[in-house]
*Asks:* 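Quick one: this structure, given as structure tokens, is what I'll be asking you about.
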Amino acid sequence: MEPRLRRRRSRQLVATFLRDPGSGRVYRRGKLIGKGAFSRCYKLTDMSTSAVFALKVVPRGGAGRLRLRGKVEREIALHSRLHHRNIVAFHAHFADRDHVYMVLEYCSRQSLAHVLKVRRTLTEPEVRYYFRGLVSGLRYLHQQRIVHRDLKPSNFFLNKNMEVKIGDLGLAARVGPAGRCHRVLCGTPNFQAPEVVSRNGHSAKSDIWALGCIMYTVLTGTPPFAAAPLSEMYQNIRDGHYLEPTQLSPSARSLIARLLAPDPDERPSLDHLLQDDFFSQGFTPERLPPHSCHSPPVFAFPPPLGRLFRKVGQLLLTQCRPPCPFTSKEASGPGEESTEPDHMEASNEEGAPLCTESRIHLLTLGTPRTDPADAKGTLALQLEVATRKLCLCLDAGPVGRTATPKCRTEAAWRGPKPAGQDPPGEQRSVLWAPKWVDYSLKYGFGYQLSDGGSGVLFRDGSHMALRPPGGWGPNPGPCAS
Ligand code: 9ZP
């Protein structure tokens with residue numbers, strides 16, 4: 001082999017043991033975990049503490065080394081000053097004759113791109129969970145006047161606890177006083193905003209556009225503007241032209257449309273984004289189980305309540321087996337696995353979803369963070385808020401109709417019915433729950449009966465029922481048990 005060639009090849013080898021001359025720490029290089037255009041990444045162990053890191057190695061030599069050196073130096077200068085739980089931690093950097101080394105936070109569950117590869121799509125509660133972390137990390141970046149410029153699922157790393165971390169700041173840049181950065185983009189960012197395509201510079205709002213593309217992609221399985229040839233894709237981006245994701249919930253579709261506004265000023269800020277109905281009106285899990293990397297998570301009730309609500313669910317289910325005249329088209333039938341965990345919350349553990357009405361389902365309120373009851377934490381206040389919210393939900397739907405003979409089973413769960421109240425000609429009135437709202441993880445289960453009566457079954461097992469207009473006779477309501 002030619003000596004020059006041999007020298008170059010040996011230069012590319014990364015030693016098994018690496019010493020950071022600044023800190024004196026000695027690391028052992030582990031297996032290769034990935035390769036980039038200019039870098040190789042390894043697992044890395046600190047020999048004295050056994051702490052595990054991800055190592056990014058960039059060769060110093062080779063063609064274009066000056067440009068690459070400038071790029072790596074910028075990345076180090078920018079990233080090493082950042083400290084936030086949703087930004088990959090930058091632990092150390094050092095160099096030897098051949099390489100620059102960056103010691104970064106190790107994320108044992110790889111990235112959101114890996115999850116998507118297996119799952120294809122995510123559920124809306126998962127998207128809310130991931131976005132809560134991403135928005136927090138991105139808000140911090142933007143506060144430091146840094147735009148990421150390459151937000152995509154493969155740059156969202158997941159640690160052992162499924163916490164999401166924004167990484168790879170190789171294309172990140174500081175914005176100028178006008179809030180824009182005009183530096184030429186190297187690489188091909190996936191989710192370019194129209195102003196970037198038109199070379200009007202990248203601002204924080206261009207990162208928000210990328211969030212819209214990501215939300216669309218993780219919920220539908222396809223990027224919004226994908227088209228061949230590339231010129232057509234760019235045209236679609238400029239026109240804000242994408243296939244309407246009709247299979248998604250109205251709040252998801254409306255938020256995507258807000259994020260993908262062609263005019264950057266019309267896109268929501270990060271704070272406004274979290275106030276959108278998609279986040280404030282839907283359930284957001286506090287954490288995700290690791291198995292959600294390969295299968296949709298099921299959010300279950302804590303055991304005693306689980307049993308209670310399952311029982312209620314089964315009772316309601318007996319009235320709503322197809323053909324059920326009262327459920328919307330969107331409701332799942334028994335035996336069908338609902339892919340939407342808000343549904344699963346309402347389903348029993350055997351996987352039979354309860355009958356639901358999409359409008360009520362959308363009203364399922366469950367974002368604990370914005371709820372003042374959380375801050376105060378008093379049971380009385382929680383109950384008050386719960387009652388108000390459940391009543392709001394029930395009030396929002398259409399009024400229950402009279403039962404039809406299609407409903408075979410009489411409701412087994414009904415309010416106290418004094419004798420003699422059956423309509424003339426009927427031995428026993430058929431009573432069913434055309435509307436219900438499952439807020440049981442937090443407060444309880446609210447229902448409206450076909451006779452206009454309604455009630456709430458609270459988490460603590462107490463039951464409050466309101467008599468129907470006209471009443472159940474002389475009995476004064478509401479009744480509590
Ligand atoms: N990769 C298969 C090809 C072998 C993996 O198995 C794998 C495993 C990982 O952890 C178990 C992992 C990446 C790939 N984890 C990880 N990757 C990071 C990373 C943190 N953790 N980062 C921290 N900052 N930036 C990222 C980045 C560079 C170190 N990566 C990956 C991007 C591509 C490869 C490594």
Side-chain angles (χ1 to χ4, degrees), residues 1-49 51-82 87-108 110-111 113-114 141 146-157 159 165-174 181 183-190:
M1 194 187 288
E2 215 181 300
R4 207 164 51 89
L5 218 71
R6 201 182 310 139
R7 199 166 52 244
R8 193 178 299 162
R9 194 167 288 174
S10 68
R11 270 189 181 191
Q12 286 172 357
L13 286 177
V14 178
T16 311
F17 291 96
L18 297 162
R19 185 171 177 275
D20 176 352
S23 66
R25 289 183 189 281
V26 178
Y27 299 98
R28 189 168 57 81
R29 174 181 59 75
K31 67 164 187 171
L32 186 76
I33 54 174
K35 277 185 195 173
F38 306 108
S39 63
R40 283 159 176 256
C41 305
Y42 299 89
K43 194 172 169 180
L44 188 76
T45 310
D46 183 322
M47 294 297 286
S48 58
T49 63
V52 176
F53 300 98
L55 176 72
K56 186 168 169 180
V57 185
V58 185
R60 292 181 91 169
R65 63 181 182 274
L66 285 179
R67 247 183 79 192
L68 182 59
R69 189 185 293 178
K71 190 178 165 307
V72 173
E73 280 168 3
R74 258 194 312 275
E75 180 176 344
I76 292 172
L78 209 118
H79 196 168
S80 61
R81 290 182 177 84
L82 302 176
I87 304 283
V88 166
F90 189 104
H91 289 283
H93 68 102
F94 54 95
D96 58 22
R97 196 187 56 154
D98 299 329
H99 303 103
V100 177
Y101 304 96
M102 289 178 242
V103 181
L104 301 156
E105 182 172 357
Y106 181 67
C107 298
S108 62
Q110 305 192 40
S111 72
H114 291 94
L141 273 187
I146 292 170
V147 283
H148 187 282
R149 306 203 304 171
D150 198 15
L151 295 174
K152 56 183 175 184
S154 58
N155 283 339
F156 302 152
F157 297 93
N159 73 2
K165 317 262 173 175
I166 301 174
D168 198 346
L169 285 105
L171 291 183
R174 280 187 190 282
C181 98
R183 253 191 51 217
V184 181
L185 275 181
C186 15
T188 43
N190 281 31

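Quick caveat: nothing in here was measured; it's all calculated off a predicted structure.
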*Asks:* Could you grab the distance from atom OH of Y27 to atom OG1 of T45, nearest 0.5 Å is fine?
*Replies:* 11.0 Å
*Asks:* Taking side chain as C-beta onward, heavy atoms only, is L78 less than 4.5 Å from I146?
*Replies:* yes
*Asks:* Name all residues meeting the side chain to side chain donor-acceptor pair (under 3.5 Å) criterion together with S23; count only those two or more places apart in sequence or in a different chain, and write none if there are none.
*Replies:*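 Residues passing side chain to side chain donor-acceptor pair (under 3.5 Å) with S23: D20.
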*Asks:* Could you tell me which residues satisfy side chain to side chain donor-acceptor pair (under 3.5 Å) with Y106, sequence neighbours excluded, listed by chain and number?
*Replies:*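 Counting only residues at least two positions away or on another chain, Y106 forms no side chain to side chain donor-acceptor pair (under 3.5 Å).
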*Asks:* Within the structure provided, determine whether D98 and R60 are in side-chain contact (heavy-atom separation under 4.5 Å).
*Replies:* no
*Asks:* Using the ring-ring contact (aromatic ring centres under 6.0 Å, His included) criterion, which residues pair with F53? Sequence neighbours excluded.
*Replies:*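 ring-ring contact (aromatic ring centres under 6.0 Å, His included) check on F53 returns H91.
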*Asks:* Kindly determine whether N155 and L169 satisfy side-chain contact (heavy atoms from CB on, under 4.5 Å), including the steps that lead there.
*Replies:* CA-CA 9 Å; N155 283 339; L169 285 105; over 6 Å; no
*Asks:* If the condition is side-chain contact (heavy atoms from CB on, under 4.5 Å), which residues does P59 pass it with, not counting sequence neighbours?
*Replies:* H99
*Asks:* Quick one, L44 with R28, criterion side-chain contact (heavy atoms from CB on, under 4.5 Å). Give me CA distance, side-chain angles, the key distance, then yes/no.
*Replies:* CA-CA 6 Å; L44 188 76; R28 189 168 57 81; over 6 Å; no
*Asks:* Any side-chain heavy-atom pair from V57 and V100 closer than 4.5 angstrom?
*Replies:* no
*Asks:* Can you list the residues that meet the salt bridge (charged side-chain N to carboxylate O under 4.0 Å, His left out) rule with E73, with sequence neighbours excluded?
*Replies:* none
*Asks:* When you measure from the side chain of H79 to the backbone of G170, do you find a donor-acceptor pair of N or O atoms at a distance under 3.5 Å?
*Replies:* no
*Asks:* Check step by step if side-chain contact (heavy atoms from CB on, under 4.5 Å) holds for L82 and F90.
*Replies:* CA-CA 8 Å; L82 302 176; F90 189 104; over 6 Å; no
*Asks:* Are L141 and I87 packed together at the side-chain level, in the sense that at least one heavy-atom pair is separated by less than 4.5 angstrom?
*Replies:* yes
*Asks:* Tell me every residue that passes side-chain contact (heavy atoms from CB on, under 4.5 Å) with A77, counting only those two or more places apart in sequence or in another chain.
*Replies:*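 Partners of A77 by the side-chain contact (heavy atoms from CB on, under 4.5 Å) criterion, ordered by chain and then number, come out as R81.
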*Asks:* What distance separates D150 CG from K152 NZ, expressed to the nearest 0.5 Å?
*Replies:*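 It comes to 4.0 Å.
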*Asks:* Under a 3.5 Å distance rule, please check whether R149 uses its side chain to pair with a backbone N or O of L171 as donor and acceptor.
*Replies:*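 Yes; judged by distance alone, with no hydrogens or angles, the pair exists.
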*Asks:* Applying salt bridge (charged side-chain N to carboxylate O under 4.0 Å, His left out), can you list everything that pairs with R25, at least two apart in sequence or on another chain?
*Replies:*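 In terms of salt bridge (charged side-chain N to carboxylate O under 4.0 Å, His left out), with neighbours along the sequence ignored, R25 is linked to D46.
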*Asks:* What's the verdict on side-chain contact (heavy atoms from CB on, under 4.5 Å) for L55 and K43, showing C-alpha distance, side-chain angles and the deciding distance?
*Replies:* CA-CA 6 Å; L55 176 72; K43 194 172 169 180; over 6 Å; no
*Asks:* With sequence neighbours left out, what residues match S111 under side chain to side chain donor-acceptor pair (under 3.5 Å)?
*Replies:*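 S111: side chain to side chain donor-acceptor pair (under 3.5 Å) contacts with H114.
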*Asks:* Nearest 0.5 angstrom please: Y42 OH to L18 CG, how far?
*Replies:* 9.5 Å
*Asks:* What are the two closest non-hydrogen atoms of K165 and C107, and how far apart are they?
*Replies:* CG-SG, 4.2 Å
*Asks:* Using residues 32-41 as the side-chain source, report each donor-acceptor pair under 3.5 Å to any protein atom, sequence neighbours left out, with the distance given to one decimal.
*Replies:*
none

*Asks:* Return the set of residues passing salt bridge (charged side-chain N to carboxylate O under 4.0 Å, His left out) with D168 (not counting sequence neighbours), or none when no residue passes.
*Replies:*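 For D168 the salt bridge (charged side-chain N to carboxylate O under 4.0 Å, His left out) partners, ignoring immediate neighbours, are K56.
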